[in-house]
Amino acid sequence: MRVLRLKCSSCISTLRKVEVPTWARRHIIKKHYPKRKHGGQSTFFKKSMSPQRLFYEVIKVLRSGIKAKEIQGPPARLDVRYIYYYTFDFKVGIFRPSPRHRGFSTRTVKIVCNDTKCAKCGRHWPKNVVTIIPYRKPLI
């Protein structure tokens with residue numbers, strides 16, 4: 001992970017406010033930490049990373065100033081969402097086998113965030129996390 005060296009004090013204070021809201025935490029735990037078997041849906045390994053540790057690590061990564069890889073915007077949504085990818089040193093999730101593909105594990109997570117703008121310099125930064133899911137890197 002490449003950490004940015006920011007000179008703008010407003011950017012630094014903006015990044016310090018990044019959070020995973022309670023509603024997003026509930027959504028992530030309910031959908032991606034299932035208690036029973038789900039078909040084809042990606043899920044996190046509970047034994048490798050608890051939800052609390054996942055949220056802590058994601059907040060730490062976002063507050064370091066990681067750059068967004070994609071931007072999702074109108075017309076599908078009224079607000080702009082930034083997408084970040086982060087790869088851990090260990091496997092964090094699995095895609096269950098389905099009729100379309102065989103199961104596989106992954107080290108990468110996809111982090112979808114609402115954005116905010118720096119008051120001084122106008123840079124876009126993450127505001128709060130909408131969802132976090134295990135993600136399979138596309139083959140290049």
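Every value quoted in this text rests on a predicted model; they were computed, and no experiment measured them.
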Next item on the list: Go through Thr14 and Lys127 one step at a time and tell me if the side chain to side chain donor-acceptor pair (under 3.5 Å) criterion holds.
Entry: CA-CA 8 Å; Thr14 301; Lys127 181 178 180 181; over 6 Å; no
Notebook entry, point to check: For Cys113 and Val130, what are the C-alpha separation, side-chain angles and deciding distance, and is it a side chain to side chain contact (heavy atoms under 4.5 Å, CB included)?
Noted result: CA-CA 5 Å; Cys113 298; Val130 175; 5.7 Å; no
Next item on the list: Evaluate the ring pair (Phe, Tyr, Trp, His ring centres under 6.0 Å) criterion for residues Phe88 and Tyr86: first the C-alpha distance (whole Å), next the side-chain angles of each, then the deciding distance (0.1 Å), finally the verdict.
Entry: CA-CA 7 Å; Phe88 289 94; Tyr86 183 71; 5.0 Å; yes
Next item on the list: Evaluate the criterion side chain to side chain contact (heavy atoms under 4.5 Å, CB included) for residue pair Ile133 and Val109; output intermediate values, then yes/no.
Entry: CA-CA 6 Å; Ile133 57 173; Val109 293; over 6 Å; no
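Taking NE2 from His32 and CG from Leu54, the interatomic distance works out to 10.5 Å, rounded to the nearest 0.5 Å. Rounding to the nearest 0.5 angstrom, the gap separating the CZ atom in Arg25 from the CZ atom in Phe55 is 5.5 Å. To the nearest 0.5 Å, atom NZ of residue Lys117 and atom CZ of residue Arg123 are 13.0 Å apart. To the nearest 0.5 Å, the span separating CD1 on Ile132 from CD1 on Ile59 amounts to 8.0 Å. Note that OG of Ser13 and NZ of Lys120 are 8.5 Å apart. Values are rounded to the nearest 0.5 Å. Atom CH2 in Trp125 sits 8.5 Å away from atom SG in Cys118 (nearest 0.5 Å).
Tyr82 and His124 have parallel rings, their planes meeting at less than 30° on a 0 to 90° scale where 60° marks the start of perpendicular.
With a 4.5 Å cut-off on side-chain heavy atoms, Cys121 and Ser10 do not count as touching. Contact annotation: the side chain of Val129 never approaches that of Val112 to less than 4.5 Å [non-hydrogen atoms, C-beta and beyond]. When side chains are defined from C-beta on, Val58 does not count as touching Tyr84, because their heavy atoms never get closer than 4.5 Å. When side chains are defined from C-beta on, Leu15 counts as touching Pro126, because their heavy atoms get closer than 4.5 Å. Contact of the Thr131 side chain with the Ile28 side chain is registered, since non-hydrogen atoms from C-beta on lie closer than 4.5 Å. Residues Ile83 and Lys110 are in side-chain contact: their nearest non-hydrogen atoms beyond the backbone lie under 4.5 Å apart. Looking at Tyr85 and Ile66, their side chains never come closer than 4.5 Å, going by heavy atoms from C-beta outward. Taking 4.5 Å as the limit, every side-chain heavy atom of Thr108 sits out of range of all side-chain heavy atoms of Pro134.
Arg107 contributes no side-chain N or O that, together with a main-chain N or O of Thr87, makes up a donor-acceptor pair within less than 3.5 Å.
Taking Arg53 as the reference, Met49, Ser50, Glu57, Phe90 meet the side-chain contact (heavy atoms from CB on, under 4.5 Å) condition, with sequence neighbours excluded.
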